[in-house]
Amino acid sequence: MIAQNICRDFNGTLLEIKTDETFSIALPGFPVLNCVSSVKGGNIEPAGFNWNVCEETDNSVCLVGENELGKWRLEFAAAMNLTGINGISVKMSGDLRQAQPDLDVAVLKIASLKADHILTQGIAMGGCSSINLPANTSFSSHYQTMISAGDHILQIGYPLMQQQPGKVHGKIHAHELQDVLVSYRISHFGLKKIDLDPVTLFAAKDGFQLMYDWADANIEVKKDFTDMTAPGWNSWDYYRWTITEEEVLKNAEFIAHDPVLSKHVKRIIVDDGWQYCYGEWEANHLFPNGMAYLAKEIKKMGFVPGLWFAPTIVEPHARIAQTDYDMLAMGESGKPCLSFQCMKRHGFVLDPTVPKVRKYLFDMFKRYADMGYGYFKLDFLGSTLGARQFADASVPRSQIVRKIVEPVYEAVNGKARILGCNYNFESGNKVVDAVRVGGDIHATWKGICHNVASVAARFWGNKRLWLNDPDFALCRSLDTANDPDMTRLLCGLVYITPEMTDSKFCEFPLVDEVFRPQAEILLSIVLAAAGAVNLSDNLPRLNARGLELARRVVGADSGDAAIPVDLFCSDKPSYWLQKVKDYHRVLLINWNDEPGTYSFDLKKYGVTADSAVNFWNDQIVKINDGVISVELQPRSCLLAVVK
C-alpha cells in the first residue's frame with residue numbers, strides 16, 4: 001500500500017499520487033484529476049492493484065502492484081516534446097499469470113474533464129471528429145487527441161507505431177468529457193509479458209505546434225515527396241466496377257491531347273474493377289488485352305500507369321479460398337472466416353504472419369512492377385483486422401497491417417510508389433509514400449461536409465510522414481458536366497433487402513446537391529490538403545465549366561498543408577491559411593444555408609500582402625488594412641491567392 005500521498009513537480013507539471021490509488025496530474029491550464037488505472041481480462045476485472053512505490057527520482061515515480069491477472073508496473077516520468085514543452089508520460093507493463101484472449105488496460109481512467117472542444121483522430125482514413133461542447137455523444141480517438149478548455153489545449157498522445165493498439169474513448173455530456181479511458185486493447189496475443197508504450201500528456205496554447213511536434217517525433221524515415229505531388233487520374237469515382245480498358249485509354253488520350261491537363265497530369269490509375277475477383281488478380285473480360293498491354297499503352301502516352309489492389313481480401317470463389325486454407329486468417333473457432341464485408345461483398349483475409357502469404361504478395365507485386373506499373377493503391381488494409389486470430393500469436397494486432405505492406409514495399413521499392421488506403425497509421429511511414437487521410441468522397445454535399453474534418457485534422461502528416469491523400473478532386477457537378485449518365489449509378493441498391501418497404505436511403509446517387517460553388521469547396525479542400533490530387537471524372541463529358549475546374553486544380557502549385565485556424569473551436573473549419581512557395585492562399589468556407597460575412601486578418605498570422613485574386617475566377621479580392629472580408633453565398637467559398 002502507498003503509505004502517504006506522493007507529490008512531485010516535473011518542471012511545472014504537478015503529479016499527486018494518493019493512498020487510495022488515485023492520482024492527479026496538473027498541467028499548465030489543464031488539471032486532470034482523480035484518475036485511476038484499471039485492467040480487465042475476460043470475466044476478470046480486479047478492483048485495484050495494491051500499489052507500492054518501488055522507485056523515486058526527481059523526474060520519475062514508479063509503482064508496482066499485483067492482482068488476479070498478474071503483476072503490474074506503473075511509471076510516471078517527466079516528458080518534454082521537440083519544442084521544449086514540458087509534460088508527463090505514463091507507462092504501464094505487466095506479467096500475466098496466463099495469456100488472455102482479450103485484455104483491456106486503461107493506463108488512465110479519468111472520471112471527468114471540463115472541455116470546450118475535442119478533436120479526435122481515426123485509426124486510418126476518415127474517422128476524425130471535431131466536436132464543440134456542449135454535446136451529448138460518445139467519442140473514440142487514436143494517436144493524438146486534442147482537448148480544448150479556455151485558452152489551453154491538452155494533447156493525449158500515443159506513439160505512432162505501437163506495441164499494442166491504443167485508444168482514447170469516452171462520453172460527452174454537456175460541457176464535460178466523462179468516463180475517459182486512455183487505454184490499450186490486446187486481443188489474442190500469445191505472450192504473458194505485456195509491455196505497453198508510454199502515453200504522453202502536454203498542454204499549451206498552440207495546439208497546432210503540439211500536433212506538429214508529435215508528428216516530427218514519430219517520423220520513421222525521412223522521404224522526398226517531390227515527384228509524388230504531380231496530379232493523376234483515377235477510374236473509381238465515376239466508373240466504379242464498370243471500368244473497362246477502353247474507358248481507361250479514352251480518358252488517358254483526352255488528357256494527353258488537352259493543352260493544360262497534359263502538362264500536369266502524370267499518372268493514370270486503374271482502380272477496382274479490372275480483376276477477376278478479390279484474391280485472383282488477373283484481368284477480367286473488360287480488359288481483353290491484359291494488364292501488361294494496358295501498362296504499355298499508358299506509358300506510350302507519357303503517363304505512369306497505376307493499379308489498385310485489395311491485397312489481403314479473398315472472395316469465396318477465389319482459388320486460394322478453395323485450396324490454400326493455411327494462408328487465411330481465422331475466427332474464434334480457429335478456422336478461416338468471412339471477416340471482410342464491403343458493399344455486400346464478403347471475403348476471407350490473408351494472414352500476413354504466414355511466410356507463404358508474404359512470398360505470395362512479394363511475387364505478385366514484383367510481377368506487376370515488372371510490367372511497368374509505377375504506382376500501387378493498396379486498399380482495405382485495415383479490414384484484415386476483422387479476423388480474430390493470426391497464425392503467429394506473438395505478433396501484436398498493431399503490427400499486422402505493417403506485415404501486409406512490407407513484402408509489397410520490398411518488391412517494388414525503387415520501381416513504384418505505394419498509396420496506403422484504409423492504412424492504419426500505426427504501421428509507420430517507411431513502407432508507404434502516400435496515405436489516404438479523408439474518407440470516401442463523392443460529389444455530394446453530405447459527403448463534402450462529412451469528409452472535411454478528417455482532411456483538416458491530418459495537416460500534421462503531410463510531407464512529413466507521407467503525402468496526404470484527401471481522396472478525389474471531382475470536377476463534375478449538376479452544372480459542370482453534360483452527362484446523361486452522371487446520376488445513373490446507384491451503388492446503394494445492394495443494401496435493399498427483400499422485406500424492405502422504404503428504400504429511399506439506399507438510392508443515393510454519386511452526384512447530389514452539388515453545383516459549381518460546392519464543387520469549388522470540394523476542390524479547394526483538396527488543394528488545402530496539399531497532397532495527392534487525383535481527378536476521377538469521365539473527363540470527355542465535362543462541359544467548359546467543368547474542364548476549367550479540372551485545368552485549374554491540376555495546374556495549382558502544391559504548398560504546405562493549410563492550417564484550419566478554427567480547427568479547435570468548430571465542427572467544420574471555415575478559415576484556412578496555406579503557405580505556397582513565396583505566397584499564401586486563404587480559404588473561407590460558408591457551410592451554412594444562409595449568406596454570411598467572413599473576415600480574415602492576415603496581420604494576425606504575420607502575412608503582409610498587397611493584392612489577392614480569387615483562385616477560381618481570377619477576380620480581384622480586396623484587402624483593407626490587412627483584412628480580407630467577403631460576403632459568401634450559402635454553401636460557397638473563396639479561395640484567395642494572396643501575394
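At a cut-off of 3.5 Å, with distance as the only test, no side-chain donor of His169 or Ser138 sits close to an acceptor on the other residue. Side-chain contact, Ser93 with Asp195: no donor N or O sits under 3.5 Å from an acceptor N or O. Under the 3.5 Å distance criterion, with hydrogens and angles disregarded, a donor-acceptor pair is assigned to the side chains of Glu245 and Asn289. There is a side-chain donor-acceptor pair under 3.5 Å between Thr312 and Thr384. Side-chain contact of Ser187 with Asp102: a donor-acceptor pair under 3.5 Å is present, judged by distance alone. For the residue pair Tyr239 / Asn251, a side-chain donor-acceptor distance below 3.5 Å is found, with atom types taken as modelled. Counting only N and O atoms by type, the side chains of Lys463 and Ser558 include a donor and acceptor under 3.5 Å apart.
Ring geometry for Trp236 against Trp241 counts as perpendicular: the plane angle is over 60°, on a 0 to 90° scale with 30° as the lower cut.
Taken from CG in Leu307 to CD1 in Ile268, the straight-line distance is 13.0 Å, to the nearest 0.5 Å.
The aromatic ring centres of Tyr373 and Phe365 sit 6.0 Å or more apart. Separation of the Phe348 and Phe340 ring centroids does not fall under the 6.0 Å cut-off. Side-chain rings of Trp274 and Trp308 stay apart, their centers remaining 6.0 Å or farther from each other. Between Phe309 and Trp281, the gap from one ring centroid to the other is short of 6.0 Å.
Salt-bridge annotation for Arg319 and Asp324: absent, with no side-chain N of the basic residue lying under 4.0 Å from a carboxylate O of the acidic one. The pair Glu282-Arg367 meets the salt-bridge criterion, since a charged nitrogen lies less than 4.0 angstrom from a carboxylate oxygen. Classification of Lys91 and Asp197 as a salt-bridged pair fails, no side-chain N sitting under 4.0 Å from a carboxylate O. A salt bridge links Arg417 with Asp227: at least one charged nitrogen is closer than 4.0 Å to a carboxylate oxygen. Ionic pairing of Arg552 and Glu520 is not present here: no N-O contact between side-chain nitrogen and carboxylate oxygen is shorter than 4.0 angstrom.
Residues Pro564 and Phe208 meet the side-chain proximity criterion, which asks for heavy atoms closer than 4.5 Å.
With sequence neighbours excluded, the residues that form a side-chain contact (heavy atoms from CB on, under 4.5 Å) with Pro470 are Val455, Val526, Ala529. Applying the side-chain contact (heavy atoms from CB on, under 4.5 Å) test to Lys579 and every residue at least two apart in sequence or in another chain returns Asp560, His584. Listed by chain and residue number, Arg240, Thr242, Leu510 satisfy the side-chain contact (heavy atoms from CB on, under 4.5 Å) test with Leu489 (two or more places apart in sequence, or in another chain). With sequence neighbours excluded, no residue satisfies ring-ring contact (aromatic ring centres under 6.0 Å, His included) with Tyr360.
Counting only residues at least two apart or in different chains, ring pair (Phe, Tyr, Trp, His ring centres under 6.0 Å) contacts with residues 410-430 comprise Tyr143-Phe425, Phe425-Trp466. Here side-chain hydrogen bond (donor to acceptor under 3.5 Å, both in side chains) pairs that include residues 527-537, with residues two or more places apart or in two chains, are Arg476-Asp537.
Taking both residues in full, the closest heavy atoms of Ile243 and Phe287 are given as O-CE1, 3.6 Å, listed atom of the first, atom of the second, then distance. Residues Ile320 and Gly279 share a closest heavy-atom pair of CD1-O, 4.1 Å. Ser454 and Gly127 make their closest contact through OG-N, 3.4 Å (heavy atoms, listed as atom of the first residue, atom of the second, distance).
With Tyr278 as the aromatic partner, Arg345 meets the cation-pi criteria of under 6.0 angstrom to the ring centre and within 45 degrees of the ring axis.
Checking side-chain atoms of Lys377 against main-chain N and O of Gly420 turns up no donor-acceptor pair under 3.5 Å. Of the possible polar contacts, none joining the Asp351 side chain to the Ala329 backbone as a donor-acceptor pair under 3.5 Å is found.
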- [ ] Assess whether salt bridge (charged side-chain N to carboxylate O under 4.0 Å, His left out) is satisfied between Asp379 and Arg436, documenting all intermediate values.
- [x] CA-CA 10 Å; Asp379 207 348; Arg436 267 284 296 282; 6.0 Å; no
Open item on the list: Go through it in stages, so that I can follow the logic: the residues are Arg402 and Glu220, the test is salt bridge (charged side-chain N to carboxylate O under 4.0 Å, His left out), and I'd like the CA-CA distance, side-chain angles, deciding distance and then a yes or no.
Closed with: CA-CA 13 Å; Arg402 171 75 170 229; Glu220 182 186 5; 2.8 Å; yes
Open item on the list: Please evaluate residues Lys415 and Asp370 with respect to the criterion salt bridge (charged side-chain N to carboxylate O under 4.0 Å, His left out), reporting the C-alpha separation (whole Å), side-chain torsions for both, the decisive distance (0.1 Å), and the verdict.
Closed with: CA-CA 8 Å; Lys415 301 177 183 178; Asp370 288 345; 3.0 Å; yes
